[in-house]
Amino acid sequence: EESRGPPPRVGVGVFVIKGNKVLLGRRRSSIGDSTYALPGGHLEFGESFEDCAMREVKEETGLDIEKIEFVTITNSVFLEEPKPLHYVTIFMRGELVDSQQLPQNVEPEKCDGWDWYNWDENMPKPLFKPLENLVQRGFSPFSADEKL
Ligand code: 8DG
Ligand code: MG
Ligand code: MG
């Protein structure tokens, strides 16, 4: 097959769950600008999915999470972005260590701010494409029981 872009990268997106809500923020990025997405980022060399989830959530929101587990995976090709990109994204979920802890917008150049949203109703729009695709297939981070 003809190559049209750089090799796929591994992204990790994290459903931070509080009661029946998840944490979303509006992206400021060349990929998916102005869309609502989960905290997350790139898997680093030698890192476990759990460690990456914990690190990215801390770096982007200041929140400490626990009970981290795998929920699902997506294979996303972004052809409409300034340059073509391909991500294999591992979706994890976790809960707050301290349910009173508030999210901070640690990287304001990358995100407009974090807030809690119901996964079914009251979901902000537009969602980041890979998340929208999960919604379309009826995925819920609350009922997911896939295991790696
Ligand atoms: P880093 O330097 O902190 O590692 O990267 P980042 O700037 O935080 O990366 P990111 O774009 O937030 O996340 C990496 C990729 O993961 C993203 O470009 C595409 C993929 N990804 C999804 N869904 C989601 C999602 O809901 N949230 C985030 N943050 N990334 C996602 O496919
Ligand atoms: Mg990020
Ligand atoms: Mg990051």
Side-chain angles (χ1 to χ4, degrees), residues 3-18 20-97 101-144 146 148:
S3 178
R4 294 180 182 84
R9 298 188 71 187
V10 179
V12 172
V14 189
F15 292 97
V16 180
I17 287 172
K18 182 178 177 176
N20 54 7
K21 293 179 187 288
V22 300
L23 193 69
L24 295 171
R26 206 158 167 255
R27 287 172 70 83
R28 283 290 163 229
S29 167
S30 58
I31 317 168
D33 191 49
S34 299
T35 63
Y36 288 85
L38 304 169
H42 298 94
L43 190 69
E44 292 183 356
F45 181 90
E47 211 171 31
S48 69
F49 300 147
E50 289 81 3
D51 286 348
C52 182
M54 198 181 312
R55 176 182 56 75
E56 285 288 346
V57 168
K58 185 70 179 175
E59 284 176 0
E60 299 184 355
T61 74
L63 295 171
D64 299 297
I65 58 168
E66 63 181 6
K67 299 179 187 165
I68 303 166
E69 53 189 14
F70 169 81
V71 283
T72 194
I73 186 166
T74 57
N75 189 25
S76 304
V77 181
F78 302 90
L79 291 176
E80 291 109 69
E81 302 302 329
K83 52 184 178 166
L85 292 168
H86 183 167
Y87 276 95
V88 172
T89 305
I90 310 296
F91 288 85
M92 305 294 286
R93 81 176 155 204
E95 297 173 18
L96 295 176
V97 172
Q101 197 182 4
L102 300 175
Q104 300 163 250
N105 195 17
V106 185
E107 299 178 335
E109 71 287 357
K110 287 189 177 184
C111 179
D112 282 349
W114 300 105
D115 215 336
W116 303 101
Y117 299 93
N118 291 317
W119 183 245
D120 296 327
E121 318 123 43
N122 200 27
M123 198 129 60
K125 288 187 174 65
L127 289 177
F128 189 31
K129 199 67 197 298
L131 267 188
E132 181 60 37
N133 293 344
L134 286 183
V135 173
Q136 293 304 323
R137 71 183 210 215
F139 171 83
S140 166
F142 298 96
S143 57
E146 297 175 66
L148 263 194

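Ligands are counted one by one from 1 in listed order, and the atoms in each one are counted from 1 as well.
Below 30°, between 30° and 60°, or above 60°: for W119 and F139 the angle between ring planes is above 60°, a perpendicular geometry.
Side-chain atoms of R26 and Y36, non-hydrogen and from C-beta on, do get closer than 4.5 Å to each other. Side-chain atoms of R137 and N133, non-hydrogen and from C-beta on, never get closer than 4.5 Å to each other. Contact annotation: the side chain of Y87 never approaches that of V10 to less than 4.5 Å [non-hydrogen atoms, C-beta and beyond]. Taking 4.5 Å as the limit, some side-chain heavy atom of V12 sits within range of a side-chain heavy atom of I90.
By the 6.0 Å contact criterion, NZ on K67 is open, its count of non-hydrogen atoms from other residues, nucleotides or ligands being 12 or less. Surrounding CD of E80 are at most 12 heavy atoms belonging to other residues, nucleotides or ligands under 6.0 Å away.
With a cut-off of 2.8 Å, the Mg ion (ligand 2) has an N, O or S atom of G40 in range.
Which parts of ligand 1 touch A37 is read off a 4.0 Å heavy-atom cut-off, strictly below it: atoms 26 (O), 27 (N). Atoms of ligand 1 found under 4.0 Å from any heavy atom of P130, numbered from 1 in the order shown, are 22 (C), 23 (N), 32 (O).
F128 CE2, 3.6 Å is the protein heavy atom nearest to atom 31 (C) of ligand 1. Among protein heavy atoms, the minimum distance from atom 32 (O) of ligand 1 is reached at T89 OG1, 2.7 Å. Among all protein heavy atoms, the one lying closest to atom 12 (O) of ligand 1 is G40 O, 3.1 Å. Distance from atom 15 (C) of ligand 1 to its nearest protein heavy atom, with residue and atom name: Y87 CE2, 3.5 Å. With hydrogens left out, the protein atom closest to atom 3 (O) of ligand 1 is E56 OE2, 3.0 Å, a heavy atom.
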Exercise for review: Report the C-alpha separation of F15 and L131 in whole Å, then their side-chain angles, then the decisive distance to 0.1 Å, and conclude whether the side chain to side chain contact (heavy atoms under 4.5 Å, CB included) test is met.
Suggested key: CA-CA 11 Å; F15 292 97; L131 267 188; 4.1 Å; yes

Exercise for review: Show your working on side chain to side chain contact (heavy atoms under 4.5 Å, CB included) between W116 and V16 and close with a plain yes or no.
Suggested key: CA-CA 9 Å; W116 303 101; V16 180; 3.9 Å; yes

Review point. Would H86 and N75 satisfy side chain to side chain contact (heavy atoms under 4.5 Å, CB included), going step by step from the backbone distance to the final call?
Key: CA-CA 8 Å; H86 183 167; N75 189 25; 2.6 Å; yes

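Considering backbone and side-chain N/O atoms, T74 never comes within less than 3.5 Å of an N/O atom of ligand 1. In terms of polar-atom proximity, R27 is counted as a contact of ligand 1, with an N or O under 3.5 Å from an N or O of the ligand. Taking only nitrogen or oxygen atoms, main chain and side chain alike, G11 does not reach within less than 3.5 Å of ligand 1. Of the polar atoms of E60, at least one N or O is found under 3.5 Å from an N or O of ligand 1, judged by distance alone. For ligand 1, one of its N or O atoms has an N or O atom of K110 under 3.5 Å away. Inclusion of V12 in the set of residues having an N or O under 3.5 Å from an N or O of ligand 1 is not warranted. Residue-to-ligand polar distances place H42 within reach of ligand 1: an N/O pair is separated by less than 3.5 Å.
The closest heavy-atom contact to atom 18 (O) of ligand 1, among the options I31, V88, L24, comes from I31. Ranked by closest heavy atom to atom 13 (O) of ligand 1, the top entry among G41, G32, C52 is G41. The option from L134, I90, L38 that lies nearest to atom 26 (O) of ligand 1, judged by heavy atoms, is L38.
Taking a cutoff of 4.0 Å between a charged side-chain nitrogen and a carboxylate oxygen, D33 and R28 qualify as a salt bridge.
Heavy atoms of R9 found under 4.0 angstrom from ligand 1: none, in either backbone or side chain. Of the heavy atoms in L131, only side-chain atoms (C-beta onward) come closer than 4.0 Å to ligand 1.
Restricting E56 to its N, O or S atoms, the one at the least distance from the Mg ion (ligand 3) is OE1. For E60, the N, O or S atom closest to the Mg ion (ligand 3) goes by the atom name OE2.
Using a distance-only test at 3.5 Å, with no hydrogens or angles considered, a donor-acceptor pair links the side chain of S48 to the main chain of D51.
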